[in-house]
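Each chain gets a letter, A, B and so on, in the order the sequences are listed, and its residues count up from 1. Being a predicted model, the structure only gives us computed values, none of them experimental.
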Amino acid sequence: EAGVAQSPRYKIIEKRQSVAFWCNPISGHATLYWYQQILGQGPKLLIQFQNNGVVDDSQLPKDRFSAERLKGVDSTLKIQPAKLEDSAVYLCASSLGFGRSTDTQYFGPGTRLTVL
Amino acid sequence: AQSVTQLGSHVSVSEGALVLLRCNYSSSVPPYLFWYVQYPNQGLQLLLKYTSAATLVKGINGFEAEFKKSETSFHLTKPSAHMSDAAEYFCVVRVSSNTGKLIFGQGTTLQVKP
């Protein structure tokens, strides 16, 4: 079974530029998550989708971050404009469905973003 | 609100020695608890999970964790460390079954010395 795919793996941009990350979840997984992991910290949830609807985006900086999951499969996360403090690893995860007590999130390899 | 605290950001052990990584949780409801491992330049991998069945949970690569409600702890152990165990380990609590949101601890870097 293929895992969660993310691209690109690495991205370097100047501040105030825009950037987009792509995620392809495990086939059949209804729930998709985007996390931000700043160096030295644990991942922090940015947004959670159930199919193509948003379940939780309470920690997404909506003035500069946006995310979509068209057709309930692939997802893109965009930052526009980027700030220095956005330098982090962006992780995508997917799971069968968060309503199950045994639900497990599977993580992709992440995209390491450096903002100069 | 649920949270987890990992005691010690860095732990160093000798190869063959006992591994003990400490985690305490805070939750007003019975928690779902997890340990994830992150190898260098790789994604997070699930080691084990507690979902209110057995209090002693066995995971992959010889790791296990014991849920102790009286101590609000979920420490991770392995009897004998291997060089390949060197990685960062995260203790994680799931907020509730209604959202699936995970709250991660700060992480503990395990160093294994030859």
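- Tyr39(B) and Val13(B) fall within a single hydrophobic cluster, where Ile, Leu, Val, Met, Phe, Trp and Tyr side chains are chained together by heavy-atom contacts under 4.5 Å.
- Val73(A) and Tyr106(A) are assigned to two separate hydrophobic clusters, defined by single-linkage of ILVMFWY side chains at heavy-atom distances under 4.5 Å.
- Using a 4.5 Å cut-off on side-chain heavy atoms (C-beta onward), Leu102(B) and Leu45(A) make no contact.
- For Ile103(B), no part sits under 4.5 Å from any heavy atom of chain A, backbone or side chain.
- Put simply, Leu33(B) and Leu56(B) are part of two different groups of oily side chains (I, L, V, M, F, W, Y) that touch within less than 4.5 Å, one to the next.
- Below 4.5 Å, heavy atoms of chain A meet no heavy atom from residues 60-68 of chain B.
- The 12-atom threshold is not exceeded at NZ of Lys71(A), counting heavy atoms of other residues, nucleotides or ligands nearer than 6.0 Å.
- For Gln38(B), the part sitting under 4.5 Å from any heavy atom of chain A is the side chain, from C-beta outward, and nothing else.
- Linking ILVMFWY residues whenever their side-chain heavy atoms come closer than 4.5 Å, directly or via other members, leaves Val19(B) and Leu7(B) in distinct clusters.
- Under the 4.5 Å side-chain contact rule for hydrophobic residues, Ile79(A) and Ile13(A) share a cluster.
- For a residue to count as touching a neighbouring chain, one of its non-hydrogen atoms must lie under 4.5 Å from one of that chain's; by this rule Leu46(B) touches chain A with the side chain only.
- Taking non-hydrogen atoms and a 4.5 Å limit, the residue list of residues 35-44 of chain A in contact with chain B, ordered by number, reads Tyr35(A), Gln37(A), Gly40(A), Gln41(A), Gly42(A), Pro43(A).
- For the atom pair NZ (Lys101(B)) and OH (Tyr33(A)), the distance works out to 11.5 Å, reported to the nearest 0.5 Å.
- Counting heavy-atom neighbours within 6.0 Å of Gln80(A) CD, excluding the residue itself, gives a total of 12 or less.
- Legend: disulfide (SG to SG under 2.5 Å) pairs involving residues 44-87 of chain A, not counting sequence neighbours: none detected.
- The two atoms that bring Thr104(A) and Tyr36(B) nearest to each other are CG2-OH, 4.2 Å, heavy atoms only.
- Of residues 104-114 of chain B, those residues with a non-hydrogen atom less than 4.5 Å from any non-hydrogen atom of chain A are, in numerical order, Phe104(B), Gly105(B), Gln106(B).
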